Enquirer: 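Let me give you the structure first, and then I'll get to my questions.
Reckoned from all heavy atoms, side chains included, excluding hydrogens, waters and symmetry mates. Note that the coordinates shown come from a computational prediction; the quantities given were computed from them, not determined experimentally.
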Amino acid sequence: MSRSASDLFAQRILGEIDRLIQLAESQTRPLEVDPYHRELFQLFKLAYEAGLTSGEATPDLSADGICQQLAAMWGLTSAAQTWLTQAAQLPKAQLTRMRSLWSVMRMWMEWDFALSNIHRDLSAENAAPAEASIAGEPESAADPVS
């Protein structure tokens, strides 16, 4: 995927995440319930398949990257700086958005954890018969389920 196509794709994903968050907020429903949960996971999957979820990806749609970009779009970065330096309270709307970002980050980490474990488990399953064959054991002996 070319750089400009990748940027455009990342912006579309980010825009959809923003739309889902705003929809959930307007309906006062948590992001952790469907349809938001399912749709967010689908967006995470698209970002992963496009190679945009590692911290080194450009554009960065890792959990940190998504949250940093949304925080900047929503003015949360400057609001948090003001809150820290002037000990002022965050307005309720910004606090709601901050909670939404925490939810997105937690769900992204949950999805990433599951994905990492699936890859690890699949790698282990694929390696086990090969290791048994190398050791000279029949594959059925290496597989206690058979």
Side-chain angles (χ1 to χ4, degrees), residues 1-135 139 142-145:
M1 191 180 296
S2 72
R3 175 87 169 128
S4 61
S6 181
D7 287 340
L8 182 61
F9 188 67
Q11 287 307 310
R12 288 183 64 194
I13 290 174
L14 195 62
E16 281 299 303
I17 292 171
D18 180 35
R19 182 189 65 76
L20 285 172
I21 291 169
Q22 289 184 45
L23 184 61
E25 287 174 357
S26 72
Q27 296 178 353
T28 60
R29 301 219 29 214
L31 287 167
E32 292 83 359
V33 299
D34 282 335
Y36 317 112
H37 185 266
R38 182 183 66 252
E39 290 183 36
L40 281 170
F41 274 37
Q42 288 172 346
L43 291 167
F44 297 154
K45 181 179 182 267
L46 287 173
Y48 171 80
E49 289 172 345
L52 302 174
T53 57
S54 75
E56 298 81 39
T58 304
D60 178 8
L61 291 184
S62 66
D64 289 338
I66 289 170
C67 290
Q68 287 173 357
Q69 292 177 66
L70 289 174
M73 281 174 40
W74 297 337
L76 290 178
T77 306
S78 60
Q81 290 295 333
T82 301
W83 174 68
L84 287 172
T85 59
Q86 298 177 7
Q89 284 189 326
L90 280 175
K92 184 177 177 171
Q94 290 178 325
L95 187 57
T96 299
R97 287 283 169 97
M98 191 74 74
R99 286 184 182 129
S100 294
L101 283 181
W102 290 327
S103 291
V104 168
M105 180 172 281
R106 187 188 54 72
M107 286 189 292
W108 188 96
M109 292 182 335
E110 179 183 307
W111 181 84
D112 189 53
F113 177 79
L115 182 69
S116 297
N117 284 330
I118 286 170
H119 284 271
R120 186 194 69 223
D121 293 346
L122 290 175
S123 294
E125 284 178 16
N126 291 335
E131 290 170 4
S133 296
I134 292 171
E139 285 187 33
D143 186 6
V145 178

Enquirer: Nearest 0.5 Å, please: how far is CG in D34 from CZ in R29?
Expert: 9.0 Å

Enquirer: May I have the step-by-step check of side-chain contact (heavy atoms from CB on, under 4.5 Å) for R12 and E16, ending in yes or no?
Expert: CA-CA 6 Å; R12 288 183 64 194; E16 281 299 303; 5.8 Å; no

Enquirer: Under 3.5 Å, is there a donor-acceptor pair linking the side chains of S62 and D64?
Expert: no

Enquirer: Of all the heavy-atom pairs spanning L20 and Y36, show the shortest one and how long it is.
Expert: O-CD2, 4.0 Å

Enquirer: Donor-acceptor pair, Q69 side chain versus D60 backbone, under 3.5 Å?
Expert: yes

Enquirer: For the pair E110 (side chain) and R106 (backbone), establish whether a donor and an acceptor sit closer than 3.5 Å, ignoring hydrogens and angles.
Expert: no

Enquirer: Testing I66, L14, D7, L61 for side chain to side chain contact (heavy atoms under 4.5 Å, CB included) with L52, which one passes?
Expert: L61

Enquirer: Near R19 CZ, under 6.0 Å, is it more than 12 heavy atoms from other residues, nucleotides or ligands?
Expert: yes

Enquirer: What is the distance from atom CD1 of I13 to atom CD of Q11, rounded to the nearest 0.5 Å?
Expert: 10.0 Å

Enquirer: Salt bridge check, K45 against E49: does any charged N sit closer than 4.0 Å to a carboxylate O?
Expert: yes

Enquirer: Testing the basics here: between C67 and L101, what is the closest heavy-atom pair and its distance to 0.1 Å?
Expert: SG-O, 3.6 Å

Enquirer: Scan side-chain atoms only and decide if T96 and E25 contain a donor-acceptor pair under the 3.5 Å cut-off.
Expert: no

Enquirer: Yes or no on side-chain contact (heavy atoms from CB on, under 4.5 Å) for W74 and I21, after CA distance, side-chain angles and deciding distance?
Expert: CA-CA 12 Å; W74 297 337; I21 291 169; 3.6 Å; yes

